[in-house]
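A short write-up of the structure that comes next.
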Protein chains: 2
Amino acid sequence: MSAPSEAHDASCATCRRGRPRSERVKHKVLEAAAELLEKRGFKGLTIEAVAERAGASKVTIYRWWPGKAALATDAFLAVLAPLAPFPESRSPLEDLREHIFGLVSVLTGRWGPVTASLIAEGVSDPEVRAAMLARWIEPRRVQARKVVARAIEAGEMHPEVDPEVVLDSLYGPLYLRLLFGHEPLDAAFATQMWKNALAGSAVAR
Amino acid sequence: MSAPSEAHDASCATCRRGRPRSERVKHKVLEAAAELLEKRGFKGLTIEAVAERAGASKVTIYRWWPGKAALATDAFLAVLAPLAPFPESRSPLEDLREHIFGLVSVLTGRWGPVTASLIAEGVSDPEVRAAMLARWIEPRRVQARKVVARAIEAGEMHPEVDPEVVLDSLYGPLYLRLLFGHEPLDAAFATQMWKNALAGSAVAR
DNA sequence: GATTTCCGAAACGCGGCGTTCCGTAATCGA
DNA sequence: TCGATTACGGAACGCCGCGTTTCGGAAATC
């Protein structure tokens with residue numbers, strides 16, 4: 001349940017006496033979980049279906065993960081964590097803009113609804129929320145915070161703005177449209193939203 | 001030639017033959033559902049508990065509502081729909097600002113977590129999402145749209161801004177903090193967010 | 001080869017949803 | 001007044017999915 005999934009005490013997994021646990025089965029389970037997650041979302045995911053598709057047994061799954069929530073978050077993050085890496089090349093504001101648009105393309109894609117279903121589950125399941133915050137939301141915010149700080153140093157952003165407010169003003173509208181679907185979440189919206197949000201914090205030039 | 005009894009039946013639902021349905025029981029069920037919803041959220045709400053607390057039977061509940069989702073949304077909206085009415089007195093931007101701060105105080109209160117749990121349920125349950133959009137989100141957006149239009153007419157807002165983007169830029173950050181809880185949702189945040197969001201669309205004076 | 005541990009299959013208990021059945025209570029029509 | 005009709009509370013049921021237990025067999029270490 002901590003960063004990489006290590007459900008049981010495996011300090012010296014290979015040193016133990018008997019038959020070692022099969023990493024191959026673990027990967028097949030993660031793969032099957034990811035496929036079913038993409039097809040049916042978190043609520044439609046059942047341990048029984050994962051076991052059947054992976055050719056494994058429920059006991060084996062529960063040996064690796066404490067429950068459905070941990071398995072789902074692991075499968076989700078194994079796929080999405082590497083996506084949309086943070087750019088580090090141009091000006092701070094340009095990096096931030098590119099990051100936001102990359103996030104939009106992720107949330108617009110096949111895994112957008114899955115992201116929404118896991119965020120929704122996190123509302124009532126503290127472990128899912130903690131995992132999503134620590135491994136999906138926060139890693140991006142950490143880098144975005146740095147970029148905002150660089151933008152302030154470079155004189156591209158007003159020094160009195162609160163970086164957290166800036167981040168929430170950028171992420172909030174995206175996730176709102178992802179979760180409600182009341183209006184389309186696309187590049188056109190991101191463009192307007194970016195212009196609107198940055199006007200309040202960026203230094204006019 | 002249609003039988004006269006048919007027209008009579010169709011026009012007057014309460015004129016049916018047998019024992020009439022008790023509106024009093026319906027209200028007790030709604031009340032019990034609201035109490036349990038506030039205490040345990042949507043996922044912790046069970047029909048059995050509602051029936052017991054209301055002194056009713058499950059059959060009666062299923063006679064009034066098709067399922068748990070419909071009962072929960074009705075109970076939620078019966079309490080929250082009248083809250084935070086839209087002000088209509090001062091300047092358009094002042095009305096909009098007051099509306100946003102009223103919404104923050106609602107989402108910060110006892111029913112904030114319940115709101116989050118129903119939004120979360122709506123992600124996977126189309127009926128809950130439709131009910132929340134039509135009876136919670138959209139009524140406020142309709143009025144907020146009008147205020148934005150008035151602000152544009154009054155020259156307080158740039159005429160080229162998309163009202164939907166403005167609304168999402170205001171609501172999005174609030175709901176993001178409500179759902180994730182990564183940073184506090186309070187008046188201080190609302191103040192900064194408001195300043196930041198409006199700077200991009202309001203006309204400087 | 002003996003021991004230890006993992007594996008897949010099957011069955012179980014639990015809880016909650018939604019349904020069915022029964023005896024009772026309330027209202028309408030004759 | 002009396003039967004027909006409909007709603008009510010209580011109890012039981014089937015269903016499904018989670019998480020657990022049990023069992024026989026297989027794989028790796030000693």
Side-chain angles (χ1 to χ4, degrees), chain A residues 1 6-29 32-33 36-37 40-73 117 121 124-125 127-128, chain B residues 3-6 8-30 32-33 36-37 40-73 117 121 124-125 127-128:
Chain A
M1 283 188 291
E6 215 81 33
H8 290 232
D9 179 16
S11 57
C12 189
T14 56
C15 299
R16 285 191 296 194
R17 289 264 319 213
R19 172 181 179 176
R21 286 157 64 174
S22 165
E23 292 280 344
R24 190 179 148 278
V25 172
K26 181 184 177 184
H27 277 102
K28 290 199 71 171
V29 170
L36 290 172
L37 203 52
R40 308 195 191 275
F42 179 86
K43 282 195 75 172
L45 184 76
T46 71
I47 299 286
E48 260 114 1
V50 173
E52 185 185 359
R53 176 176 283 247
S57 78
K58 285 168 58 174
V59 185
T60 304
I61 297 180
Y62 281 105
R63 212 188 312 275
W64 287 98
W65 293 273
K68 172 182 166 179
L71 169 61
T73 52
S117 78
E121 181 65 17
S124 60
D125 187 328
E127 297 192 20
V128 172
Chain B
S5 63
E6 274 182 16
H8 191 252
D9 281 354
S11 61
C12 185
T14 57
C15 295
R16 284 184 301 190
R17 286 275 315 236
R19 174 179 178 176
R21 286 157 67 169
S22 165
E23 291 280 342
R24 189 179 149 276
V25 172
K26 181 184 179 184
H27 277 103
K28 290 198 71 171
V29 169
L30 267 180
L36 290 172
L37 203 52
R40 309 197 190 273
F42 179 86
K43 281 193 74 172
L45 184 75
T46 71
I47 299 286
E48 260 113 0
V50 173
E52 185 185 0
R53 174 175 284 247
S57 78
K58 286 169 58 175
V59 185
T60 303
I61 296 179
Y62 281 105
R63 193 170 289 124
W64 286 98
W65 293 273
K68 172 182 166 181
L71 170 61
T73 52
S117 78
E121 180 65 17
S124 61
D125 187 328
E127 296 192 20
V128 173

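Each chain gets a letter, A, B and so on, in the order its sequence line appears, and its residues count up from 1. Remember, it's a predicted structure, so these values are computed and weren't measured experimentally. Side chains included, hydrogens not; waters and symmetry mates left out as well; all remaining heavy atoms used.
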Using whole Å, what does the distance between atom [atom2] of nucleotide [N] and atom [atom1] of [X] come to?
X       : N      : atom1 : atom2 : result
A:Arg24 : C:dC6  : CZ    : P     : 18 Å
B:Trp65 : C:dC17 : CH2   : P     : 15 Å
A:Lys26 : C:dC7  : NZ    : P     : 12 Å
A:Glu48 : C:dA9  : CD    : P     : 13 Å
B:Lys43 : C:dC17 : NZ    : P     : 12 Å
B:Arg17 : C:dA30 : CZ    : C1'   : 9 Å
A:Glu52 : D:dC18 : CD    : P     : 13 Å
A:Ile47 : C:dC12 : CD1   : P     : 21 Å

Check: If you check the B:Tyr62 side chain, which of C:dG16, D:dC18, C:dT19 turns out closest?
Finding: C:dT19
Margin query: Just to verify, what does B:Trp65 make a side-chain hydrogen bond (donor to acceptor under 3.5 Å, both in side chains) with, not counting sequence neighbours?
Written below: B:Asp74
Output yes when a side-chain donor or acceptor of [X] lies under 3.5 Å from a complementary backbone atom of [Y], and no otherwise.
X       : Y        : value
A:Lys28 : A:Ala56  : no
A:Lys43 : B:Glu121 : no
B:Arg21 : B:Arg63  : yes

Strictly under 3.5 Å: I want the nitrogen or oxygen pairs between protein and nucleotides 7-11 of chain D, one per line.
from: D:dA7; atom 1: O4'; to: B:Arg19; atom 2: O; distance (Å): 3.1
from: D:dA7; atom 1: N3; to: B:Arg19; atom 2: NH1; distance (Å): 3.2
from: D:dC8; atom 1: OP1; to: B:Ser22; atom 2: N; distance (Å): 3.1
from: D:dC8; atom 1: OP2; to: B:Arg63; atom 2: NH1; distance (Å): 2.6
from: D:dG9; atom 1: OP1; to: B:Gly55; atom 2: O; distance (Å): 3.3
from: D:dG9; atom 1: OP2; to: B:Ser57; atom 2: N; distance (Å): 3.3
from: D:dG9; atom 1: OP2; to: B:Thr60; atom 2: OG1; distance (Å): 2.5
from: D:dG9; atom 1: N7; to: B:Ser57; atom 2: OG; distance (Å): 3.3

Next item on the list: Measure the spacing between NZ of B:Lys26 and CH2 of B:Trp64 and express it to the nearest 0.5 Å.
Entry: 5.0 Å
Item checked: Sugar-phosphate only, base, or nothing, as touched by A:Leu45 at under 4.0 Å among non-hydrogen atoms -> sugar-phosphate
Checklist line | Summary of side-chain hydrogen bond (donor to acceptor under 3.5 Å, both in side chains) pairs that have at least one residue in residues 49-60 of chain B, sequence neighbours excluded | finding: B:Glu35-B:Arg53, B:Glu48-B:Lys58, B:Ser57-B:Thr60
